[in-house]
Protein chains: 2
Amino acid sequence: MPGTRRLPTRDQLAAWRAFIETTELLRSRIGGRLHDETGLSPGDYSVMLALSEQPEMRSSDLAAHIGWERSRLSHHLGRMERRGLISREDCATDNRGSQVRLTPRGREAFEAATVPHLRAIRELFVDALTPEQIGAAAEIAGALRTRLKA
Amino acid sequence: MPGTRRLPTRDQLAAWRAFIETTELLRSRIGGRLHDETGLSPGDYSVMLALSEQPEMRSSDLAAHIGWERSRLSHHLGRMERRGLISREDCATDNRGSQVRLTPRGREAFEAATVPHLRAIRELFVDALTPEQIGAAAEIAGALRTRLKA
DNA sequence: CTCCCATAGTTGACGTGTCCATCATAGCGA
DNA sequence: TCGCTATGATGGACACGTCAACTATGGGAG
């Protein structure tokens, strides 16, 4: 059947839909619990996780570290700064740059969020799967990422 | 170690991160290709897929069918209406309700989008995985969904 | 030293998603 | 019929993401 050749089969499509819809639901549930229990969004958590390991970073380095576009990070840091979670100050060695750091309040919020977040991951991801399935999930992620890089 | 008991292990956490980050990247790549090649967003596609199977639907039924909140659908339909993809009109049997339908232009856009979208799914998902991995992905989705429903 | 381009970062516009408030109608029980 | 509650749908406020434009500084080629 020309024109439909090489399109996914019914089963493949069903697997695709189940996979993509469920991962989306999982993401939103984990994010929702994080937000409800700690007041932090997943984006906040990523930023703060990086800053907790390296307390002072250039904005671009931070963006690269967490895999975000600079613009996205700039918008997000603006919101986090308004909430008093991080601060930005001029960079001594490059007048274009800015250093980002956690405020004491930010560090406190991050530390309070760690255990609830890990617990949500355990409950909704780890505990939902067998050890074999967790391994398979990691392998699937690897295979998909390889394809996405090509 | 009280307080950290039952938190994910290092390996489990690595699997979680790989899984969630890769599925997010996959989603955005498929969505990006859909948008670039057809001008439709994934949200547009979901709405139009439902309407292509049942040409006239109540807004609430449509929302339930695709698993969206009514408010989200209302906002999205507003944007789609501005672009001439769908139309809304009063419902004859319930004065509160509205009927949603594809415009001719909407139907045309949807039909033009189907093959490119399926092709993207094949290239970035189906072709990235072995048949066993596709089966495992479906099973993982099922297991996660079962847990999410509880 | 000057010019040119690359880089750091911000901003505006806009699509998207959630939460919550609002409003009108439907539908039921007294 | 009257009034109460549930439901259908919309709207505003705000967070989040992307894209493209813009500002300003850095740094090398000549």
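Just so we're clear, the structure is a prediction, and the values are computed from it rather than from any experiment. Every heavy atom of this structure was used, including side-chain atoms; hydrogens, water molecules and symmetry mates were not. Naming convention: chains lettered A, B, ... in sequence-line order (proteins, then strands); numbering from 1 in each chain.
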Would you please confirm or rule out a distance under 4.0 Å between OP1 or OP2 of D/dA9 and any side-chain N or O of B/R58?
yes
Backbone N or O of A/S98 within a donor-acceptor pair of the A/S59 side chain at under 3.5 Å?
no
Looking only at side-chain N and O atoms, does A/R72 come under 4.0 Å of OP1 or OP2 in D/dG17?
yes
pair B/D44-B/R83: side-chain heavy atoms closer than 4.5 Å:
yes
From NE2 of B/H76 across to C1' of D/dA9 the rounded distance in Å is 17 Å
Let me know, please, whether A/G97 or A/S28 comes out on the 5' side of the other along DNA chain C by nearest nucleotide.
A/G97
Which whole-number value in Å describes the distance from A/L25 CG to C/dT18 C1'?
15 Å
To the nearest Å, give me how far apart CD (A/E81) and P (C/dG9) are.
13 Å
Could you check how far CG of A/L62 sits from C1' of C/dT10, rounded to whole Å?
15 Å
DNA chain D: 5'-proximal contact among A/D44 and B/S59 (nearest heavy atom)
B/S59
What closest approach, in Å, do B/I30 and B/A120 show between heavy atoms, and which atom pair accounts for it?
CD1-O, 3.5 Å
Distance check needed: C/dA21 C1' versus B/E69 CD, whole Å only.
14 Å
A/S71 side chain N/O closer than 4.0 Å to the phosphate oxygens (OP1, OP2) of D/dA20?
no
Phosphate OP1/OP2 of C/dT16: any B/R79 side-chain N/O under 4.0 Å
yes
Nearest-nucleotide 5' precedence on DNA chain C, B/R82 against B/H75:
B/R82
Quick check on the hydrophobic clustering: are A/Y45 and B/L25 connected, directly or via other members, by side-chain heavy-atom contacts under 4.5 Å?
no
Starting at CG of B/D90 and ending at P of D/dG8, how long is that distance when rounded to a whole Å?
16 Å
Closest to the A/S41 side chain, choosing from D/dT25, D/dA9, D/dC16
D/dC16
When we call it a touch if two heavy atoms are under 4.0 Å apart, what does B/S74 touch: a base, just sugar-phosphate, or nothing?
base
Just say parallel, tilted or perpendicular for the rings of B/F125 and A/F19, cut-offs at 30° and 60°.
tilted
How long is the line joining CG of A/L85 and C1' of D/dC16, in whole Å?
16 Å
Expressed as a whole number of angstroms, how long is the span from A/L77:CG to D/dG17:P?
12 Å
Within the pair A/R88 and C/dT10, is there a side-chain N or O less than 4.0 Å away from OP1 or OP2?
yes
May I ask you to verify if any side-chain N or O of B/N95 is less than 4.0 angstrom from the OP1 or OP2 atom of C/dA24?
no
Which comes earlier along DNA chain D counting from the 5' end, the contact point of B/L73 or that of A/R96, where each point is its nearest nucleotide?
B/L73
